[in-house]
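Note sheet for the following structure.
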Number of protein chains: 2
Amino acid sequence: MGRRIVSKGELTRESILEGAYQLFLQQGYHGTSMRQIAAEAGIALGGIYNHFSGKEEIFTAVLEAYHPIHEIVPVIQASEGATIEEYVRNAAMGMMTALERQPGFLNLIFIEIVEFNSLHLPDLVDMTFPKVMSIVGPFAESQNKLKDIPLQSIVRSFIGLMFMQYFAEKLVGSQFVAMPLEEAFEQTLQIFLHGILAE
Amino acid sequence: MGRRIVSKGELTRESILEGAYQLFLQQGYHGTSMRQIAAEAGIALGGIYNHFSGKEEIFTAVLEAYHPIHEIVPVIQASEGATIEEYVRNAAMGMMTALERQPGFLNLIFIEIVEFNSLHLPDLVDMTFPKVMSIVGPFAESQNKLKDIPLQSIVRSFIGLMFMQYFAEKLVGSQFVAMPLEEAFEQTLQIFLHGILAE
DNA sequence: CCTACCGATCGGTAGG
DNA sequence: CCTACCGATCGGTAGG
């Protein structure tokens, strides 16, 4: 909201994070050097160590700063709709938009999986999933139009389908999406809605 | 089928591929050195270059040798069932088993995405997806019990849900799967089946 | 925050 | 002349 008052040191720290973020996305963690990060941030190599104890701490901080939850939770909260059908449709479009606007989210998670052997992934999920559940839960439970399936399974399937849809969009032009994207999105939504709504 | 007759050189080449595969899974591409690959294969560093022109060519060869399609297509082909419901259930269980037995498949693809910026991913998908479609197509189309949704969307959603389920299994113990795994698998299957079957 | 470096290791290649 | 390697070292770069 309000403009934060930041010291020069904080500005430097943030430019390190932003430079590192861009480089990690393009080259991965091990493929990115501390010298590249320093150059991107406009400082000398040694200067980095005034802000971070090492390369891994930079990655941790980037993971926190660019965490999907910051982008996606407000989108889901903003989702409204008279029926669950409308609500799901709005949430789905909001999530796709959020993913498209910040395509680096998934890559950071892939880096965590590939180059850190999923070391911090359980913590990450434990931090994220309850937040999503607490937002989705009240709305869904106030309705009686869902099949008798645990809300957790429903949310998990929703996320899985959105990720798959997102992958399909990244692969435009391949056989994987031989139909218009809007149409593919609609089909995925139909399968999900038929899957969760009571007759 | 029959036992291949392989020269000593071919055996060396294959041990390089296997060693590189294991190391890539644990450390990623840039995190793995040619010296580690050589040690894993039981030869000297220089010996590698009699079989591969460089590190990237090794990764390409590993991607080909351990391609998911080799494992998953026979599983789907072996899937039978009097009804689509049975068929889907068998295919789902077969795919989960295949993924669990070869957990490296997904990681190789993540390495491709993260460390090579998805350079060869479209080609990979174009090679794989049509094969799956040609196997699934005839069976599904011989039935009239599906909703009016393109087969391509159905297959894509199926793959998305299986991947999500697989991720959930890797995250056992976290909030993400607060129910028994068999139950979570069943719930995912219910959503999919309700989503695609005609009333 | 910089310059000047360190111990070690990187991917790749030399001659034999 | 080929293959399948070796011990040693190349020019550069890694994180700190």
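Chain letters run A, B, ... following the sequence lines, proteins first, then strands; residues in each count from 1. Atoms considered below: every heavy atom in the structure, side chains included; atoms not considered: hydrogens, waters and symmetry mates. Everything numeric in this text was worked out from a predicted model, so none of it was measured.
- For A:A44, whose side chain is taken as the heavy atoms from C-beta onward, the closest listed nucleotide among D:dC6, D:dG16, C:dC2 is C:dC2.
- Atom-to-atom, CZ of B:R13 to P of D:dA4 comes out at 11 Å; the value is rounded to the nearest Å.
- Neither side chain, A:Q36 nor A:T32, offers a donor N or O lying under 3.5 Å from an acceptor on the other.
- The C1' atoms of C:dC10 and D:dC10 are separated by 12 Å, rounded to the nearest whole Å.
- Rounded to an integer number of Å, the gap from CD of B:E10 to P of D:dT3 is 13 Å.
- Distance B:L45 CG to C:dT13 C1': 9 Å, rounded to the nearest Å.
- Close to C:dC10, at under 4.0 Å from its OP1 or OP2, lies a side-chain N or O of B:S33.
- Side chains of A:Q187 and A:E183: a donor-acceptor N/O pair is absent below 3.5 angstrom, by distance only.
- The nearest whole Å value for the distance from the CZ atom in B:F52 to the C1' atom in C:dG11 is 16 Å.
- Of the C1' atoms belonging to C:dG15 and D:dC5, the separation is 13 Å, rounded to the nearest Å.
- Atoms OH (B:Y49) and P (C:dG11) sit 7 Å apart, rounded to a whole Å.
- For A:Q27 and D:dT13, the CD to C1' distance is 14 Å, given to the nearest whole Å.
- Between the A:T97 side chain and the A:M93 main chain, a donor and an acceptor come within less than 3.5 Å of each other.
- The side chain of A:K55 approaches D:dG15 more closely than any other nucleotide in the set D:dC5, D:dG15, C:dG12.
- Distance, B:E115 CD to C:dC10 P: 15 Å, rounded to whole Å.
- Comparing A:I48 and A:R35 along DNA chain C, the residue whose closest nucleotide (by nearest heavy atom) sits nearer the 5' end is A:I48.
- In this structure, NE2 of A:H30 is placed 13 Å from C1' of C:dT9, rounded to the nearest angstrom.
- Using the six-membered ring where Trp is involved, B:F59 and B:Y29 have ring planes that are perpendicular, over 60° apart on the 30 and 60° scheme.
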